Amino acid sequence: MVKNKVGIVDYDAGNLRSVINAVRKAGGDPVVSALPEVLSSCDRVILPGVGEASTAMGKLRERGLDSFIPTLRVPVLGICIGLQLMSLRSDEGDATCMGIFPSEVKRITDLSGEESTEKVKIPHMGWNSISPANGSWGTPLLEGISEGSYVYYVHSFAATLSSSTAAVTSYGGHAFSAVLCNDNFLGCQFHPEKSGPTGEAILRNFLSL
Amino acid sequence: MLAKRIIPCLDVREGKTVKGINFVNLRTVGDPVEMGKAYSDQGADELVYLDISASREGRKTFLDLVGRISEEINIPFTVGGGISSYDDAARLLDAGADKISINSAAVADPSLIGRIAASYGSQFVVVAIDARNVEGTWRLSTHGGSRMTDIELFSWAKEVQERGAGEILFTSMDHDGMKKGYPLEVYRRFNEELSIPVIASGGAGNSTHIAEVLADGYADAALAASIFHFGEITIPELKRELLSKGICVRI
């Protein structure tokens, strides 16, 4: 039997409803908690979140989760701000983050980029495509996902490309990490729980890691 | 590249969709969740559910419905209609709505935009704006177009952006229902003056109109109700046509 108890980190950073629903739909058994002892007993952990990075990081710290999460050995998936908090630091509120991925988080317009005719509106909201950072995905999280698949984004800040970058998205010529991957730690800047069949496939992949 | 979004809008009264959809079989007509799923399967990028219930009971039913939509549908959805307070917005967020759309209530009390955005983020707040061209000046109308105000459209659009709106949904009441296309000059001016995304609504009679507002009007998304409901245009056909005109859409 596949072990599918999925700990969803509850740290008062946005509504968890759609993540819970999506995990259930993908065949997981969601357990919502902020307690390390509860999360430790899960087969995998999701760090969701929306909001401002330094505030969200403060909420993790208050609960002792900033030092606990990096010690997890099970698959961990950060979504949106969750991915950002797993990076080195964020320009949003000048936050020091958990440092799991060697990326920095910057305002999309501050990311280095190429000339583009696409006008950048902030937030970057809607469906954009993902492509492999190194020729192929290089992570089972994206197995079976076609190059150029569209996923749903809502964000103003994003993680720079780094050695952990598995998938890239580009907006107005600014390229950023769409998916990060370092050992058992994974992150999606987009919202798999809102990305239709593609997002569902990614969550199912996560549940079978 | 960010894709342009196609957004069907479903009117809900007392928990039931008001208009059928031609492409769905008869059993599912009337069920907002089934209709939403059908649109999602066809390639809709987002959904908008508008509550047009008159009764208190109907509003309660709508809230339950939002919970069901959140369980069943895995693309983003916005809910609107009758949101008049911070508490209304909070209840809809708790029920699982990704975004709420406010219109007359924002005109009556502009601080509502900032209060909701401060708690739940700008991405949660869509401000719907209705306007008419009155002797060369675009002025807001409220309450579904039934009341005119003196408020000038472009200054209001900038104000809602500054107050924290994440998107603007603009309908020209002069074009709504006419099926003759959109006022492109208004959308072009939004593109020059605003930094947040704009959704075009009201006026499309065919897919060329939608292509125009996305390409020449620089709108980020197009919302429509009747042309999809009555099967005049299907979403896959529309998207193929947009793609053939070089407009980036998710297929």
Side-chain angles (χ1 to χ4, degrees), chain A residues 13-26 49-52 55-56 80-81 108-109 116-129 131 146 148-156 169-175 190-203, chain B residues 1-7 37 39-47 66-77 90 92-99 118-126 161 164-168 190-192 194-199 218-221 248-251:
Chain A
N15 194 310
L16 303 177
R17 184 87 180 244
S18 34
V19 174
I20 295 168
N21 288 337
V23 164
R24 203 169 277 142
K25 239 180 149 178
V50 294
E52 199 268 341
T55 311
C80 194
I81 200 91
I108 293 169
T109 44
S116 169
T117 51
E118 187 177 21
K119 177 175 169 172
V120 175
K121 298 185 185 178
I122 300 290
H124 173 228
M125 183 186 300
W127 298 81
N128 205 329
S129 57
S131 51
S146 311
S149 288
Y150 282 90
V151 289
Y152 189 80
Y153 284 100
V154 185
H155 63 127
S156 302
T169 289
S170 181
Y171 180 44
H174 305 280
F190 53 86
H191 289 269
E193 76 280 15
K194 287 288 158 191
S195 295
T198 300
E200 227 173 284
I202 291 172
L203 285 174
Chain B
M1 195 168 180
L2 186 62
K4 303 280 189 181
R5 289 167 283 155
I6 300 300
I7 309 175
K37 266 192 193 165
Y39 277 133
S40 172
D41 290 345
Q42 280 213 329
D45 297 305
E46 287 184 36
L47 299 170
V66 171
R68 273 182 63 219
I69 297 166
S70 162
E71 276 167 25
E72 299 287 334
I73 288 183
N74 58 14
I75 59 170
F77 70 98
L92 289 162
L93 176 102
D94 289 337
D98 296 302
K99 310 178 191 182
S119 294
Y120 305 122
S122 286
Q123 86 293 334
F124 184 62
V125 187
V126 180
Q161 171 176 297
E167 277 178 295
I168 285 175
F190 283 147
N191 183 61
E192 279 163 25
L194 301 175
S195 59
I196 57 175
V198 174
I199 305 165
Y218 305 102
D220 299 278
C248 176
V249 288
R250 176 182 71 115
I251 297 249

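Chain A is the first sequence line, chain B the second, and so forth, proteins listed ahead of strands; every chain is numbered from 1. Worth knowing before you read on, the calculation uses all heavy atoms, side chains too, and leaves out hydrogens, waters and symmetry mates. Bear in mind that the values here come from a model prediction, so they are computed numbers and not experimental data.
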* To do: Identify the heavy atoms of A:Ile122 and B:Ile196 that sit nearest to each other, and give their distance.
  => O-CG2, 3.8 Å
* Asked: For B:Phe124, is it the side chain, the backbone, both, or neither that has a heavy atom closer than 4.5 Å to a heavy atom of chain A?
  -> neither
* Structure fact -> Looking only at heavy atoms, the pair that brings A:Asn21 and B:Ser70 closest together is ND2-OG, 2.9 Å
* Asked: Can you name the ring-ring contact (aromatic ring centres under 6.0 Å, His included) partners of A:His124, sequence neighbours left out?
  -> A:Tyr153, A:His155, A:Tyr171, A:Phe176
* Asked: What part of A:Glu193 lies closer than 4.5 angstrom to a heavy atom of chain B: side chain, backbone, both or neither?
  -> backbone
* What residues form a salt bridge (Lys or Arg N to Asp or Glu O under 4.0 Å) with B:Glu167, not counting sequence neighbours? -> B:Arg5, B:Lys99
* **Shortest non-hydrogen contact from B:Gly166 toward A:Pro123** => O-CD, 4.2 Å
* **Engaged part of A:Asn128 at the chain B interface, taking heavy atoms whose separation is under 4.5 Å** => both
* Could you tell me which of B:Pro76, B:Gly96, B:Ser122, B:Ser195 has the largest number of non-hydrogen atom pairs under 4.5 Å with chain A? => B:Pro76
* Asked: Looking only at heavy atoms, which two atoms of B:Asp220 and A:Lys121 are closest? And how far apart?
  -> OD2-NZ, 2.6 Å
* To do: Supply the atom-to-atom distance B:Glu192 CD to A:Lys119 NZ, rounded to the nearest 0.5 angstrom.
  => 8.0 Å
* Asked: Are the side chain of B:Gln123 and the backbone of A:Met125 linked by a donor-acceptor contact shorter than 3.5 Å?
  -> no
* Structure fact -> Correct closest heavy-atom pair for A:Ser18 and B:Asp98 would be OG-OD1, 4.4 Å
* Between B:Asp41 and chain A, which part of the residue has a heavy atom less than 4.5 Å away: side chain, backbone, both or neither? -> neither
* Give the minimum heavy-atom separation between B:Asn74 and A:Lys25, together with the two atoms involved. => ND2-NZ, 4.3 Å
* Where on A:Glu200 is there a heavy atom nearer than 4.5 Å to chain B: the side chain, the backbone, both, or neither? -> side chain
* Derivation and outcome, side chain to side chain contact (heavy atoms under 4.5 Å, CB included), residues B:Cys248 and A:Tyr150 -> CA-CA 11 Å; B:Cys248 176; A:Tyr150 282 90; 3.4 Å; yes
* **Intermediate values then yes/no, side chain to side chain contact (heavy atoms under 4.5 Å, CB included), A:Arg17 and B:Asp94** => CA-CA 8 Å; A:Arg17 184 87 180 244; B:Asp94 289 337; over 6 Å; no
* Interchain contact, B:Ser40 with chain A, by part (heavy-atom threshold 4.5 Å) -> neither
* Could you check which of B:Glu72, B:Met1, B:Glu71 has the highest count of heavy-atom pairs closer than 4.5 Å to chain A? => B:Met1
